Amino acid sequence: MLKILHKKPFFVFSLGLLLALPLLLTGCSGGIFTASSWPGVTVDGTTLYVAYGTYVYAFDVENGTELWHFPAEADRTLSFYAPPAVTAAGLVVVGGYNNLVYAIDAETGSLAGWNSPFEDAKDRIIGSPLIVDDWILVPSADGRLYAIDTETGQPVWEKPYQESEDPGPLWSSPIVDGNTIYLASLDHHVYAVELSTGEEIWRTMDLGGAISDSPALSDGLILVGTFGESLIAIDATDGNIEWSYETAGWVWSSPVVFDGVAYFGDTAGFAYAVEVETGNELWQKSIDGAIGASPAVDENGVYFVTETGSVHAADPNSGGALWPNDTILEGQLLSDPILHDGQLYLGTITPECIVYAVETDNGRAGCAISPVEQ
Amino acid sequence: MWNSLILKPMINALLFIYQLLGTGPNTFGWAIIIFTILVRLITLPFTFQQMKSSMIMQELQGSKKWKKIQEKHKDDRQKLSEEQMKLYKEHGYNPFSGCLPTLLNLPIILGLYQAVIRTMAVTPVQLLDLSKLIYPFTSSSLIPLNSTFFYMNLGQPERLPLPFLEGVSFLGGGLPLLAILVAVTSYFQSKVTTSTSSDQQGAGMMQMMTIYMPLIMGYFAFAFSSGVALYLVVSNILGIIQGVVMRRLRENATAG
């Protein structure tokens, strides 16, 4: 072997190159070494649920103690990113990238209620399930919406929503108003669907770009952000466009409506406040880093998080900064922040911390939940 | 720098071809095929130079003069090296002339592979990343791409649905036709592009690589999205054609 190394440097170089190529290919693509998404975080009462990677975790929100994780034993074939939903009966419903929907006992963290996970979906569950009375609505990347009986886990109805031959992937949770479901699709359309049957009521025209997050409903208007660099208001009764507001980058996340104003950000790093009724801009400002999450809003402030780890607090009326400096955290902040008891809970992509807590008064931050050694 | 010089131009070129072809079903598959052909054409001079060097080396190693030198100086490594260098000079062969084209080709191959993966953007992280890789003049209305290519979803591993394989879970319920094609074409590409070593140990290792590399590539095609497998098949077929043409040209040149 040594003889070969000495005699044939080019041969050895080529051999190394060929053997390294598959590693380079997979490593550079981010295919197997990086996460596919960011943590899905939900708060229910005093329990914080985090779906991230191979586990779904439940933590006590007051002290950060882990209550349980699912599955109990590591299973590398599983990956969870969609924020879990919690039923009134105490079931934590979560969809996986293995196309299955699980019902977990909120108390114990073990599979409960259903005989087996719901397995009708043909592609990943990326959007959060929505609990509506006795049903769970589950969007799938296969372009179908599944209505499941909460108690049994059996399908009630399933329907594809599509403009063309192939259904566009559904990556976001639907919203429901009365007997109507509003559903945003990556195929550039918003669909209104009858809750009881899943039948389509109307669909919008092509909105000029994909819609990756849920619509927001306010005063008879459906608001969606699109990759066509706009926020669009749609009449909830017929699907006609009421107004459109142009942005600098893709609007990845849902707008949040508070007091008649829609707050949202874009991938170019701009934060916006737009009047829902008219589509008029109240303010816009540049923040450090692409905004991929919806802001958290209350009467005191609007809180934006960015891909570069910045947390920015703005005055809802003027857009002026509330803190002297933005809070900078380790890792990308792409999960929607959750406001709970004067704290912002932020899911992150960093090995040191799963969820940060930031005080809304002053921007002081600390790790609320650290990764648990498995 | 990698993104600006390699990845962004490739992704935007791929999207441009996709847009030109009409963005409907099957379009992205054809865009991958056309894009792979274009990139292989652009890198053709490097590839030819690399293969030419490899063939000259192979011819040298098979020559009587080479064997004579080996035998004569088998106990004096320094002298052997000197004589080998002399022989290289005589035949106008530069030992590094095969290395440079390989180095130039590698980032392009990696870029092409990444461009295909990243443009398909099948996960939220990849799609958000894509927003930063698209030029302002490339229409974002193209996103997400229609990933249907005949019976395949280019974002998912490919399986040809066959009734008798429906229950075979380790195969994923169908025949991994593209993965088989990747393995077979990788094997033939290795056969026509790698030179045989006169050294017994070297030849053994080369033979081992010719068998293992196609298996590794076939496994990647089996496990990863079919868009990448499609790229690998097209790339390998072009590599085989290049190899055969190059060999013919060399044979003609030597005979002449």
Side-chain angles (χ1 to χ4, degrees), chain A residues 1 3-4 6-15 17-22 24-26 28-32 34-38 81 97 123-124 126 141-142 164-166 168-169 171 186-188 206-210 212 226-229 249-250 252 266-268 290 292 307 332 334 349, chain B residues 2 7 24-25 53-54 57 77 80-81 84 95-96 98-99 102-103 106 109-111 113-114 116-118 122-132 134 139-144 146-148 153 155-156 190 194-195 197 199 201-202 205-206 209 212-213 216-217 219-220 223-225 228:
Chain A
M1 182 69 185
K3 207 171 156 192
I4 293 174
H6 175 76
K7 279 184 181 174
K8 299 185 169 48
F10 179 64
F11 171 76
V12 174
F13 168 77
S14 307
L15 178 71
L17 205 62
L18 276 173
L19 292 177
L21 193 62
L24 282 168
L25 291 176
T26 49
C28 294
S29 71
I32 44 181
T34 56
S36 311
S37 189
W38 38 88
Y81 297 102
Y97 271 35
D123 204 339
R124 296 152 300 154
I126 295 175
D142 68 9
S164 58
E165 202 179 313
D166 307 299
W171 278 18
L186 283 186
D187 77 355
H188 304 190
D206 188 320
L207 297 177
S212 61
T226 77
F227 291 5
E229 299 177 351
W250 292 8
W252 180 278
D266 69 16
T267 54
E307 200 189 9
Q332 296 178 305
L334 292 164
I349 303 179
Chain B
W2 170 257
L7 202 53
S53 300
S54 163
M57 187 64 190
R77 207 170 275 175
L80 179 65
S81 254
Q84 277 176 350
F96 297 103
C99 184
T102 310
L103 282 177
L106 189 66
I109 294 168
L110 285 176
Y113 172 85
Q114 281 194 38
V116 171
I117 285 269
R118 298 238 192 160
V122 293
T123 68
V125 163
Q126 286 172 342
L127 193 54
L128 194 57
D129 265 352
L130 187 62
S131 71
K132 287 169 246 157
I134 293 181
S139 173
S140 51
S141 66
L142 300 173
I143 312 295
N146 188 323
S147 56
T148 306
N153 177 349
Q156 306 259 332
S190 302
T194 49
S195 49
S197 175
D199 185 291
Q201 258 179 306
M205 283 178 79
M206 196 62 93
M209 258 172 54
Y212 285 124
M213 274 310 288
I216 292 170
M217 298 315 280
Y219 173 73
F220 280 117
F224 290 97
S225 51
V228 174

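Just so it is clear, the structure is predicted and the values come from calculations on it, not from any experiment. Note on naming: letters A, B, ... go to the chains in the order of the sequence lines (proteins, then strands), and numbering restarts at 1 for each one.
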Heavy atoms only, distances under 4.5 angstrom: which of A:W252, A:Y97, A:F227 has the most pairs with chain B? Name it, please. A:W252
Which bit of A:L207 comes within less than 4.5 Å of chain B, counting heavy atoms only: side chain, backbone, both or neither? neither
Side chain, backbone, both or neither: which part of A:L186 has a non-hydrogen atom closer than 4.5 Å to chain B? both
A:W171 and B:L127, any side-chain heavy atoms less than 4.5 Å apart: yes
Once salt bridge (charged side-chain N to carboxylate O under 4.0 Å, His left out) is applied, do any residues pair with B:D129, and if so which ones, sequence neighbours excluded? B:K132
Contact between B:V125 and A:Q332 at the side-chain level, heavy atoms closer than 4.5 Å - yes or no? no
My understanding is that only residues two or more places apart in sequence, or in another chain, count here; which of them pass side-chain hydrogen bond (donor to acceptor under 3.5 Å, both in side chains) with B:S147? B:N153
First locate atom OG of B:S140, then atom CD of A:E229, and finally report the distance between them rounded to the nearest 0.5 Å. 5.0 Å
Closest non-hydrogen atom pair, A:H188 against B:S141: CE1-O, 2.8 Å
Tell me, for A:D206 versus chain B, whether the close heavy atoms (under 4.5 Å) come from the side chain, the backbone, both or neither. neither
Roughly how far apart are A:D187 CG and B:N146 CG, rounded to 0.5 Å? 10.5 Å
When the 4.5 angstrom heavy-atom criterion is applied to B:L7 and chain A, the contacting part is neither
